[in-house]
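This is a predicted model, so every value here is computed, not measured. Keep in mind that the numbers below use all heavy atoms, side chains included, and drop hydrogens, waters and symmetry copies. Each chain gets a letter, A, B and so on, in the order its sequence line appears, and its residues count up from 1.
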Number of protein chains: 2
Amino acid sequence: MAIAAMVQNASPVRKALYVRSVREATVAQCPTACSSCTLHSTCLPCGLQQTDDSMDELVYSRRRIHRGEHLYRAGDPFKFLYAFRSGFFKTYIDTPEGQTQVTAFPMAGDVLGLDGIETDKHRVSTVALEDGEVCMIPFAHFQAVALRSPALLHQMHRMMSREIMREHSVMALLGGMRAESRVATFLLALSEKFAGRGYSAMQFNLRMTREDIGSYLGLKLETVSRVLSRFQATNLIKANLRSIEIVDMTGLKSLVPEL
Amino acid sequence: MAIAAMVQNASPVRKALYVRSVREATVAQCPTACSSCTLHSTCLPCGLQQTDDSMDELVYSRRRIHRGEHLYRAGDPFKFLYAFRSGFFKTYIDTPEGQTQVTAFPMAGDVLGLDGIETDKHRVSTVALEDGEVCMIPFAHFQAVALRSPALLHQMHRMMSREIMREHSVMALLGGMRAESRVATFLLALSEKFAGRGYSAMQFNLRMTREDIGSYLGLKLETVSRVLSRFQATNLIKANLRSIEIVDMTGLKSLVPEL
DNA sequence: CGGGGATTTGACACATATCAAGAGCGGTGG
DNA sequence: CCACCGCTCTTGATATGTGTCAAATCCCCG
């Protein structure tokens, strides 16, 4: 794959093309510059001035990824940061015993790959649970740009800091809460995340299996299933397979110890 | 023991002097420049060339801290990075319900405070479990220096990346392992950390209570106590209150699922 | 030397894991 | 289009690990 200068060619015309024909646009490299991306407010360059064109130099290529496909695997060399434009993913670590621990469920607007900095290799694997598209940001290039753009650098630091805090929350969740609280926390976090992306906070579809949820929450899949059934029986939610509808939001929230 | 040598020739009197200019203050305040600090290899400036004097501009002041004293509390404004020179600490989050979740046990050579970047406020509290000394690095100044020193910047990124990976490990630990494995993992991690600082890997003193350990591992203090007793009964360790001696290192390691 | 906190240990309760069976959904190929 | 097959999900019975409550001892600190 040739990584050449193609970024500046981005135009509104191309964007329209992207909307109509996904594959065509993909071939044409970057149909949408970061500065005109609809995810601009949540994505990496958030906080940069519109006039700061350094953000548009970041993304060299995009990649479409299909369900079940890996974006990268643990051990792969760390070359890119990945900014998700669409789709739904899971990141996980697996132990030699074959056990896997799901560590996150990234989706559109999230940025991934910062785990690889220390060792120059990815330490987690990332797989798509739903077809999506991801912006690939060459990290070496990113660093160079960041040196000229303190705002971008600071944004990156905020992102890493946020990731550390997110994991602190998960640690607290795994460490101290019982099954019902864990699942309630999970559902509410998902609801909030969907809401932040413009989707419904009250009704959404899970893209992961009960086993994935269980792994993430430190529970067995049967326990997750049972808790969801119990939530349904007490009229907190309506659950049918992957479809979730939150019926009693305050009731759910009352199960969460607190932030 | 390298640590013994590194310890403070710093006098409280010196601390009275305060910052005038960067270089002046650095020279006046810091009895030991970063470039000559014995923790140089593990601390923040690790990776910088000896000839790179930017590292010596970082530390404005030191602070001695006594057992039970807080370095900072959740909610405090984020102004400094803290590089520990000696002592033993714990970081924790507490929920409104009064529960607390211990998130780490930092010690000499560790750097703390990166959690505050995102919100400009610290999100965890840090308290000393043992008297110690800490280098205070003004973060705003650090950023300025880092912009001129790509090596320092990269080092910072590595540190944040490592913290993220460390938390991934803890998540895996909390999520999937049973009590014996958790405690074994904890003891081995501690042993390794002590060894890395020049202390014995086979015999050391815990600085934290059973409750602290339990909180960190997602267990109750009684469970921690029972597991330690069981380890002693099976001749894996000798435990007497805070004193721990590892008798059968390989036996202990066999209890840890992962690599 | 006294007292409060830390630790250990026991008995018991309970939440979650484990084992097992069956049903439902979705993809695939005839 | 239908039938099949595999995977996911649900639900039940049981096992077990860990939490809870309680009491005694020990240690450290003032």
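Residues meeting the side-chain contact (heavy atoms from CB on, under 4.5 Å) test with A:I65, sequence neighbours left out: A:R63, A:E69, A:L71, A:F89, A:A128. The side-chain contact (heavy atoms from CB on, under 4.5 Å) search around B:M202 returns B:S200, B:I246, B:M249, not counting sequence neighbours. In this structure B:T209 satisfies the side chain to side chain donor-acceptor pair (under 3.5 Å) test together with B:D212, sequence neighbours excluded. Here A:S254 pairs with nothing under the side-chain contact (heavy atoms from CB on, under 4.5 Å) rule; sequence neighbours left out. Residues passing the side-chain contact (heavy atoms from CB on, under 4.5 Å) test with B:V127 are B:H70, B:K90, B:Y92, sequence neighbours excluded.
Taking atom CG of A:L221 as the reference point, atom P of D:dT10 lies 10 Å away to the nearest angstrom. At whole-Å resolution of the value, CD in A:Q232 and P in D:dC9 are 15 Å apart. The interatomic distance linking A:H66 (NE2) with C:dG27 (P) rounds to 15 Å, in whole Å.
Sorted by first and then second residue, the salt bridge (Lys or Arg N to Asp or Glu O under 4.0 Å) pairs involving residues 161-173 of chain B (not counting sequence neighbours) are A:E118-B:R162, B:E163-B:R166. The salt bridge (Lys or Arg N to Asp or Glu O under 4.0 Å) pairs that include a residue from residues 105-116 of chain B are B:D110-B:K193, B:D110-B:R197, where partners are two or more places apart or lie in different chains. Pairs engaging residues 230-242 of chain B under the side-chain hydrogen bond (donor to acceptor under 3.5 Å, both in side chains) rule: B:E180-B:R230 [sequence neighbours left out].
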Along nucleotides 23-30 of chain D, 5' to 3', which nucleotides get a B, which get an S, and which get a -, given that the test is a protein heavy-atom distance under 4.0 Å?
----S-S-
5' to 3', nucleotides 16-22 of chain C under a 4.0 Å protein heavy-atom cut-off (B base, S sugar-phosphate only, - none) gives SSBB---
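Distances shown here put every side-chain N or O of A:R242 at or beyond 4.0 Å from the OP1 or OP2 atom of C:dC25.
A distance below 6.0 Å separates the ring centres of A:Y72 and A:Y82.
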Listed pairs under 3.5 Å, donor-acceptor, residues 99-108 of chain A side chains, sequence neighbours left out:
unit_1 : atom_1 : unit_2 : atom_2 : d
A:Q101 : NE2    : A:S215 : O      : 3.2
A:T103 : OG1    : A:T91  : O      : 3.3
A:T103 : OG1    : A:T91  : OG1    : 2.7

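Residues of residues 207-214 of chain B having a heavy atom closer than 4.0 Å to DNA chain C, listed by number: B:T209, B:R210.
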